[in-house]
Amino acid sequence: MFPIQRPRRLRRTEGLRGMVRETRLATDGFVYPMFVVPGSGVRTEIGSMPGIYQQSVDRFVEECREVEALGIPAVILFGIPETKDERGSEATSATGVVQRAIEGIRRAKLDLVVITDVCLCEYTSHGHCGVIEKGDVANDPSLVLLAAAALSHARAGADVVAPSDMMDGRVAAIRSMLDENSFQDVPILAYAAKYCSSFYGPFREAAQSAPQFGDRRSYQMDPANAREALREVALDLEEGADVVMVKPALPYLDVIRQVRERFDVPVGAYNVSGEYSMVKAAAANGWLDERRAVLEILTSIARAGADIVLTYHAKDVARWLKNC
Ligand code: PBG
């Protein structure tokens, strides 16, 4: 008795496989994360993230030109300020690095969606995502500063603001601040389910944002919780989020899938620094085929249900997809 059902029939040639492929990777949903530093002519590679740089505004704009030419629609900006203080004052400065970087993109007339990460950890001397009161990260006082940072990004010309701090109520605080200042058309991409993850390690080198005491467990989510992620997403949507994001991506594909099924809004996923560095390190040692690994990882994030993917691999993938 031979099988009637032979799934292998449709796997015989690349033409057949392509026709029945369920998930098609495209650059349309990609967002490329970039780090901006003060000064000019600066382009320093991040040790733990080969191929990713800290750059001054001039060099950053040059790379944005390349990103645009590769057909990647969007960038997300992280700023490393000149000086840090207790309250992260430079986050709201009209002449801060991120604000000047946005203006740089605008002056260069690049056709890119400019998203800004809204958080205080890169700007505070203690490296926490909010202000410290009585030895703890104080929720409500932080909201005022986060809303002010988002407003200054919008004033500088940001297309989308993306709060990543995980304070309660920050989406509502940012939404009302933007609306009061006539930025009602600037969407909020909320890092809604952001886990307290080991995979942010390389980013903290890149953004010089490691907490100087303690950790982020009192505000970022416990990796063991998925139901809580759905609650966080629901709250952010009630508060006015336009897009919700799960972060990191690969260890939380189940969460991406559940958010996709439960909510009819665009879903983002952040393929974070540690996920990038693992692949880079293994590939450098000849332990993984980088191209195949990256395409498989990004396909799986899309298959889990993410519409938008923030990834440091974006430029490489765009090049590979063009040659295909
Ligand atoms: C800021 C922020 C972090 C990341 C994005 N925004 C780091 C953190 O929470 O410590 C991580 C991104 C990455 O690892 O690529 N709060």
Side-chain angles (χ1 to χ4, degrees), residues 29 31 33 76 78 115-121 128-131 136-147 149-150 160-178 186-200 203-204 209 211 214-275 301-302 304-311:
V31 179
I76 181 162
F78 298 93
I115 308 173
T116 57
D117 183 86
V118 176
C119 197
L120 298 180
C121 62
H128 278 289
C129 304
V131 289
D136 196 14
V137 179
N139 196 86
D140 301 7
S142 302
L143 300 183
V144 183
L145 300 174
L146 291 161
V160 179
V161 293
S164 68
D165 53 283
M166 289 302 276
M167 298 302 125
D168 294 329
R170 87 271 208 226
V171 172
I174 291 171
R175 187 70 273 158
S176 61
M177 178 69 101
L178 292 176
V186 172
I188 298 175
L189 185 169
Y191 288 70
K194 177 174 178 179
Y195 287 89
C196 189
S197 172
S198 61
F199 292 99
Y200 308 148
F203 173 96
R204 292 184 188 166
S209 64
D215 53 42
R216 303 207 201 291
R217 273 184 279 197
S218 78
Y219 43 106
Q220 298 181 344
M221 282 184 55
D222 185 329
N225 295 357
R227 287 190 298 268
E228 188 189 353
L230 300 177
R231 177 155 185 257
E232 281 282 7
V233 168
L235 289 171
D236 281 4
L237 290 171
E238 274 167 32
E239 290 179 29
D242 299 281
V243 182
V244 289
M245 186 153 73
V246 175
K247 174 188 175 186
L250 215 39
Y252 301 93
L253 293 178
D254 59 322
V255 179
I256 297 172
R257 163 62 31 198
Q258 289 186 60
V259 171
R260 168 72 295 148
E261 283 177 2
R262 184 83 67 92
F263 302 96
D264 292 325
V265 295
V267 175
Y270 199 146
N271 176 222
V272 301
S273 57
E275 298 175 67
I301 296 169
D307 307 295
I308 296 170
V309 182
L310 283 62
T311 179

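We number each residue from 1, following the sequence as shown. Worth knowing before you read on, the calculation uses all heavy atoms, side chains too, and leaves out hydrogens, waters and symmetry mates.
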Hey, are the side chains of [X] and [Y] touching, using non-hydrogen atoms and a 4.5 Å cut-off?
X: Tyr270; Y: Lys194; result: no
X: Leu235; Y: Glu238; result: yes
X: Met166; Y: Cys129; result: no
X: Val137; Y: Met167; result: yes

Which distance, rounded to the nearest 0.5 Å, do you find between the [atom1] of [X] and the [atom2] of [Y]?
X: Glu228; Y: Met221; atom1: CD; atom2: CE; result: 4.0 Å
X: Ile308; Y: Ile115; atom1: CD1; atom2: CD1; result: 7.0 Å
X: Ile188; Y: Arg170; atom1: CD1; atom2: CZ; result: 9.0 Å
X: Ile76; Y: Thr116; atom1: CD1; atom2: OG1; result: 7.0 Å
X: Leu146; Y: Leu120; atom1: CG; atom2: CG; result: 4.5 Å
X: Gln220; Y: Lys247; atom1: CD; atom2: NZ; result: 7.0 Å

**Request:** Could you please spell out the steps behind the side chain to side chain contact (heavy atoms under 4.5 Å, CB included) verdict for Phe263 and Leu237?
**Result:** CA-CA 9 Å; Phe263 302 96; Leu237 290 171; 3.5 Å; yes
**Prompt:** Under the salt bridge (Lys or Arg N to Asp or Glu O under 4.0 Å) rule, what pairs show up with a residue in residues 217-227, not counting sequence neighbours?
**Reply:** Asp215-Arg217
**Asked** Considering residues at least two apart in sequence or located in another chain, which fulfil the ring-ring contact (aromatic ring centres under 6.0 Å, His included) criterion with Tyr219?
**Response** His128
Give a yes or no on whether the backbone of [Y] and the side-chain of [X] come within a donor-acceptor separation of less than 3.5 Å.
X: Arg175; Y: Pro187; value: no
X: Ser142; Y: Val131; value: yes
X: Asp165; Y: Cys119; value: no
X: Asn139; Y: Asp168; value: yes

Indicate the atoms forming the closest heavy-atom contact of [X] with [Y], along with that distance.
X: Val243; Y: Pro266; answer: CG1-O, 3.4 Å
X: Pro163; Y: Val171; answer: CG-CG2, 4.5 Å
X: Ser209; Y: Phe203; answer: OG-CE2, 3.7 Å
X: Pro211; Y: Arg204; answer: CD-NH1, 4.0 Å
X: Leu178; Y: Ala150; answer: CD2-O, 4.1 Å
X: Glu275; Y: Pro248; answer: OE2-CB, 3.2 Å

Could you tabulate the donor-acceptor pairs under 3.5 Å formed by side-chain atoms of residues 251-259, not counting sequence neighbours?
{"unit_1": "Arg257", "atom_1": "NE", "unit_2": "Ala304", "atom_2": "O", "d": "3.1"}
{"unit_1": "Arg257", "atom_1": "NH1", "unit_2": "Glu261", "atom_2": "OE2", "d": "3.0"}
{"unit_1": "Arg257", "atom_1": "NH2", "unit_2": "Arg303", "atom_2": "O", "d": "3.0"}
{"unit_1": "Arg257", "atom_1": "NH2", "unit_2": "Ala304", "atom_2": "O", "d": "3.2"}

